[in-house]
Each structure stands twice: as structure tokens, then as C-alpha cells.
Amino acid sequence: YGMISMSLSGNGMRLALTYAFKPYGENLYVTLNVWDYRPWESKWFLSMTESYYHSDDDFDETRAHPVILSNDGRKMVVGAASSSGRVDLWYFDDDTHSWKQTNGGIFVDGVGEGVSLPLLSLSSFGTVISLSPDGSILSIADLDDDITGSVHVVKLKW
């Protein structure tokens with residue numbers, strides 16, 4: 001496996017990436033890391049890490065956990081992996097200097113507690129995402145196996 005997706009903020013000071021690994025023959029994990037650059041130290045430091053667990057039968061490494069940062073690097077969207085049916089929303093809290101998840105994410109047809117969207121294909125919901133530069137509008141692809149489907153456009157309130 002290895003790196004799946006990455007996104008760089010508009011000023012180049014924040015980098016988000018997802019990568020997959022399978023330790024010791026166990027099930028698959030996808031890790032999200034966010035790195036911030038400290039110019040006064042000329043170093044990158046890890047500001048956030050989150051892991052997602054997958055069984056072998058619900059993961060497609062070609063369409064899994066895309067990550068997108070807003071232009072200012074303070075909002076982040078992490079897409080779904082195959083059959084998870086979930087898109088996670090994160091924002092950087094200036095008061096605590098940490099990442100927080102917001103609104104419980106976006107789910108299909110009541111799968112979770114966040115925003116619920118009508119389901120077309122749970123197998124690929126959220127594996128393709130796009131975020132406007134200011135982080136206010138998110139589009140989520142919901143494709144069938146034959147590459148037909150729909151796109152949901154969501155106005156986000158952070």
C-alpha cells in the first residue's frame with residue numbers, strides 16, 4: 001500500500017496526507033496525518049493523526065480516503081473508503097491549537113448522526129470529493145460501479 005492522497009494549503013504551510021498500511025498481516029489501517037511547517041525552526045511537525053480501520057473486503061486502495069484542505073488550511077475534508085458511506089469534516093480550533101471534528105460528518109441515508117444525504121451507491125459514496133477554496137462548499141460523488149451516479153453539493157457551516 002502506501003500514500004493514497006495528499007493536500008497542501010494555499011500558503012504551503014500545512015500538508016494533509018492519508019496512507020494505508022497492513023501491520024503484521026492484520027486488517028488494513030488508513031492513517032490521516034496533518035503536518036504544519038514552522039518557518040522559525042525550518043521544520044515540519046505533526047499536528048494531527050487519525051486512524052481508520054478496514055477489513056480486507058471493504059477497502060479499495062484506488063478510491064479511498066481522499067483528503068482536501070481549504071486554501072487557508074483551517075478546514076479539512078476526508079472522504080470515504082469504499083463501503084464506509086462517511087465523509088469526515090475537520091476544522092482547526094485556534095483557541096486550543098488542535099483539530100476538531102465537526103457535525104459528526106456527512107453520511108448516506110441515516111448511516112450516522114451527521115448530515116444525511118439520499119443514497120445511490122453505498123459502495124462508492126464519498127470516494128471522490130471536492131472542496132471550494134474557502135471551504136464553504138463541498139461536492140461528494142456517489143458513483144455506481146459503471147461510473148454513473150450523482151454528485152451531492154453541500155453548503156457547509158463550520
Side-chain angles (χ1 to χ4, degrees), residues 1-20 28-37 46-54 58-158:
Y1 295 103
M3 188 172 61
I4 298 170
S5 177
M6 71 177 168
S7 180
L8 185 66
S9 64
N11 65 5
M13 303 293 275
R14 181 163 283 153
L15 174 68
L17 57 93
T18 56
Y19 62 94
L28 189 79
Y29 291 86
V30 173
T31 297
L32 163 69
N33 284 337
V34 179
W35 295 84
D36 291 336
Y37 185 70
L46 184 64
S47 64
M48 178 204 173
T49 188
E50 178 79 13
S51 290
Y52 300 87
Y53 163 82
H54 296 282
D58 77 345
F59 183 78
D60 176 356
E61 68 273 5
T62 64
R63 336 178 273 180
H65 292 296
V67 61
I68 300 177
L69 287 168
S70 62
N71 200 34
D72 66 4
R74 297 188 174 288
K75 299 169 188 141
M76 179 173 55
V77 179
V78 181
S82 299
S83 63
S84 69
R86 174 181 176 160
V87 174
D88 289 335
L89 307 175
W90 295 86
Y91 70 95
F92 190 77
D93 185 331
D94 289 322
D95 294 332
T96 62
H97 298 285
S98 64
W99 285 94
K100 304 217 177 195
Q101 200 166 359
T102 185
N103 297 332
I106 298 176
F107 297 85
V108 292
D109 270 352
V111 171
E113 296 179 12
V115 176
S116 182
L117 297 174
L119 172 64
L120 176 65
S121 171
L122 183 59
S123 67
S124 66
F125 173 84
T127 57
V128 178
I129 56 175
S130 181
L131 185 66
S132 65
D134 68 356
S136 65
I137 300 172
L138 171 66
S139 62
I140 305 168
D142 187 10
L143 305 173
D144 284 337
D145 290 334
D146 63 358
I147 311 301
T148 60
S150 63
V151 173
H152 303 280
V153 177
V154 180
K155 177 81 172 160
L156 298 175
K157 294 180 183 178
W158 299 89

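FYI, side chains are in, hydrogens and waters are out, and symmetry mates aren't considered; it's all heavy atoms of this structure.
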Colleague: Using 0.5 Å steps for rounding, measure from the CG atom of Leu8 to the CG atom of Leu15.
Modeller: 6.0 Å
Colleague: Holding to ring pair (Phe, Tyr, Trp, His ring centres under 6.0 Å), I want the full list of residues that pass it with Trp99, two or more places apart in sequence or in another chain.
Modeller: Phe92
Colleague: Would you name the heavy atoms of Ile129 and Gly79 that are closest together and state the gap between them?
Modeller: CD1-N, 3.6 Å
Colleague: Is a side-chain donor or acceptor of Ser7 paired with a backbone partner of Ala16 at a separation under 3.5 angstrom?
Modeller: no
Colleague: Does any N or O in the side chain of Ser47 come within less than 3.5 Å of the main-chain N or O of Val34, such that one atom is a donor and the other an acceptor?
Modeller: yes
Colleague: Could you tell me which non-hydrogen atom of Ser9 sits nearest to which non-hydrogen atom of Gly73, and how far apart they are?
Modeller: CB-CA, 3.7 Å
Colleague: Between Arg14 and Leu69, what is the shortest heavy-atom contact and its length?
Modeller: O-CD1, 3.6 Å
Colleague: Compare every heavy atom of Ser132 with every heavy atom of Asp134, then report the nearest pair and how far apart it is.
Modeller: OD1-OG, 2.8 Å
Colleague: Quick one: pull up CG in Leu138 and OG in Ser70 and give me the separation to the nearest 0.5 Å.
Modeller: 12.0 Å
Colleague: For Asn71, enumerate each residue passing the side chain to side chain donor-acceptor pair (under 3.5 Å) test, keeping only those at least two apart in sequence or located in another chain.
Modeller: none
Colleague: Pair Met76, Leu32 - check side-chain contact (heavy atoms from CB on, under 4.5 Å), show working.
Modeller: CA-CA 11 Å; Met76 179 173 55; Leu32 163 69; 4.0 Å; yes
Colleague: Between Leu17 and Met6, which heavy-atom pair has the shortest distance, and what is it?
Modeller: CB-CB, 3.8 Å
Colleague: Apply side chain to side chain contact (heavy atoms under 4.5 Å, CB included) to Asp93 and list each qualifying residue two or more places apart in sequence or on a separate chain.
Modeller: Tyr91, Asp95, Thr96, Lys100
